[in-house]
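Notes for the one structure printed next.
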Amino acid sequence: MSFMRTQLTFAHLAGIETELLAVLAADTQTAKGPDAKPLPVLLTSDAAVQAAAAAVLASGEFKAGANETLLLHAPAGLMAKRLLIVGLGKQPKATANSVRSAAGAAVRFAKPRGIRDVALSLPELQQVAGARSARAAVEGALVGDYDPDTYRSDRKDQSVKSFTLAASEKEDQAALEAAFAEGVIVGESQNFTRVLVNEPGNKLTPTILGQRAAEMAAEVGLGWEVHSTEKLHELKMGAFWSVSQGSEEPPALIVLRYEPEGVTDGPVLGLVGKGITFDSGGISLKPGDNMEKMKYDMAGGAAMIGAMRAIALLKPRVRVVGVVCAAENMPDGKAQKPGDVQIAMSGKSIEIINTDAEGRLVLADGLTYARQLGATHLIDAATLTGACVVALGMINAGGFSNDDQTWDKFDDALEISGEKFWRLPLGEEYAELIKSDIGDIKNTGGRWGGASTAAEFLKVFAEDTPWIHLDIAGLAWVEDSRPYIAKGPSGVAVRSILEWVRSF
Ligand code: BES
Ligand code: MN
Ligand code: ZN
């Protein structure tokens, strides 16, 4: 995975021997209008760094825009070989999220330039506590370090080998150390998810996804089971199996268990993920354009696996069970057909209108199974609908819930994770659209409101359990590289799910 060594130090910036010392700056100009020039200010009180950067800051060449960078070689008075100034944008708007991005931008600046050792000065920002900044900074550095070029035969490892966060001695050192250690776990878990999502369908079948989850579980001390065809039949998972039946690859029902010692009552959180390792659409075959992207149709499942990794290492005092339903959706002589009727594990009958609406089918049985395993609260994540991408673009992921209190907890978690989810509606009128003439429900609700009708379908299987559904179709894959994250798998939802779990 990542081989980045991370450390926190309370040494003076001037004395840090490093290839590159990054310092953050914000724009303090509050006036508006054509004459209002940016007023970049370094977010450190270190006199040596202030002096080294004074001339360039005064020059007006650097505006401290978000993730803007400016490099100085051989900065006077510093042991560092280079000084990199990274912008945070407007000072009053700077958040822990801006720090996360800026740290990522510093690492991504270093990578292609052969710089393997980066130090970052923890920014002194009134509105963001040092501990929050420290956690965000190391998360951002780890996330920034990841690149998806795994299968290049001439791949050169450009990863930054050593990342040092330098904080002032005046900070609460114990609090910073704890937050920093947390950030390492979270950043690495997000990258763990991204590695899985990046794998193509031929390299990551449902079986292999199961193996990867099991290896991870053994490493971090989670309970685990990986089942296949027989167990699906035994549990009468007719909806899950109906997707898998058209593929030569057997399905994998992946169960991960986190049971902290001494916690025998209270909630059990059920994390359910869509793990379609390739979605061709099945008999309702997708058009060829962009079909290759459907290797990332297991991103919801991978997010749950990454979140379980972080949970195992951060040890919250609440029981959690992860259920990932992995299958390949393929057209074949044995594949299910539009018009078929399937009986889900819960007993509900489902009329298949479109075999490309397969995610909700595997999740239906995943939700029922998580409830059977004792889940008192459910959260699922899935690259579920193109309609959600149409509605929210690649800016916000969609969120749904049958319980305001449970959603509010998730909303609070977003404040810490910095991820963007927008709550979309459920309702009787949407439920109306998925009623079937021949059975209980059908698996599509027509052209309009597709994200909400898909969520209504899942709600049937959450039954009366408080439940959240996350539709991450638009955010699981970053389409263009950004200064702080590579183009490719994003690892979205890992951080938010983790914080939601920790809020119990
Ligand atoms: N995996 C797709 C959804 C998707 C679309 C993910 C774009 C990522 C990017 C899902 O299985 C699907 O095919 N959904 C259909 C549902 C429709 C047939 C009701 C869709 O959104 O078109
Ligand atoms: Mn599909
Ligand atoms: Zn799909």
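Atoms within a ligand are numbered from 1 in the order they appear, just like the ligands themselves.
In Lys231, the NZ atom is crowded: over 12 heavy atoms of neighbouring residues, nucleotides or ligands sit closer than 6.0 Å.
Below 30°, between 30° and 60°, or above 60°: for His233 and Trp241 the angle between ring planes is above 60°, a perpendicular geometry.
For Arg447, the closest heavy-atom approach to ligand 1 does not fall below 4.0 Å. Proximity of Met298 to ligand 1 is not established, as no heavy-atom distance is less than 4.0 Å. Ligand 1 has at least one atom lying under 4.0 Å from a heavy atom of Lys286. In this structure, Tyr296 counts as a contact residue of ligand 1, since one of its heavy atoms falls inside 4.0 Å of the ligand. Residue Val389 places no heavy atom under 4.0 Å from ligand 1.
For atom 18 (C) of ligand 1, the nearest non-hydrogen atom from the set Thr355, Asn354, Asn290 comes from Asn354.
The nearest N, O or S atom of Lys274 is closer to the Zn ion (ligand 3) than 2.8 Å. For the Zn ion (ligand 3), the set of nearby N, O or S atoms under 2.8 Å includes one belonging to Asp279.
Between OD1 of Asp356 and OD2 of Asp279, the angle at the Mn ion (ligand 2) works out to 100°, rounded to 10 degrees.
Each of the atoms 1 (N), 2 (C), 3 (C), 6 (C) of ligand 1 lies under 4.0 Å from some heavy atom of Thr383. Per-residue contacts place Lys274 under 4.0 angstrom from the following atoms of ligand 1 (heavy atoms of the residue considered): 1 (N), 10 (C), 11 (O). In the vicinity of Arg360, heavy-atom distances shorter than 4.0 Å reach the ligand 1 atoms 16 (C), 19 (C). Near Glu358, the atoms of ligand 1 lying under 4.0 angstrom from a non-hydrogen atom of the residue are 11 (O).
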Query raised in the report: Stepwise, does the side chain to side chain donor-acceptor pair (under 3.5 Å) test hold for Asn329 with Ser247?
Result: CA-CA 7 Å; Asn329 188 23; Ser247 170; over 6 Å; no
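Side chains of Glu419 and Ser496: a donor-acceptor N/O pair is present below 3.5 angstrom, by distance only. For the residue pair Gln336 / Gln245, no side-chain donor-acceptor distance below 3.5 Å is found, with atom types taken as modelled. Counting only N and O atoms by type, the side chains of Ser159 and Asp157 include a donor and acceptor under 3.5 Å apart. Neither side chain, Ser101 nor Asn67, offers a donor N or O lying under 3.5 Å from an acceptor on the other.
No cation-pi contact links Arg194 to Phe192, judged by a cut-off of 6.0 Å to the six-membered ring centre and 45° from its axis. Cation-pi contact between Lys409 and Phe504: present, with separation from the ring centre below 6.0 Å and deviation from the ring axis of at most 45°.
At a 4.0 Å heavy-atom cut-off, ligand 1 touches Asp297 through the side chain alone.
Between Asp380 and the options Val323, Leu458, Asp471, Ile468, a side chain to side chain contact (heavy atoms under 4.5 Å, CB included) holds for only Leu458.
Nearest N/O/S atom of Glu358 relative to the Mn ion (ligand 2): this is OE1.
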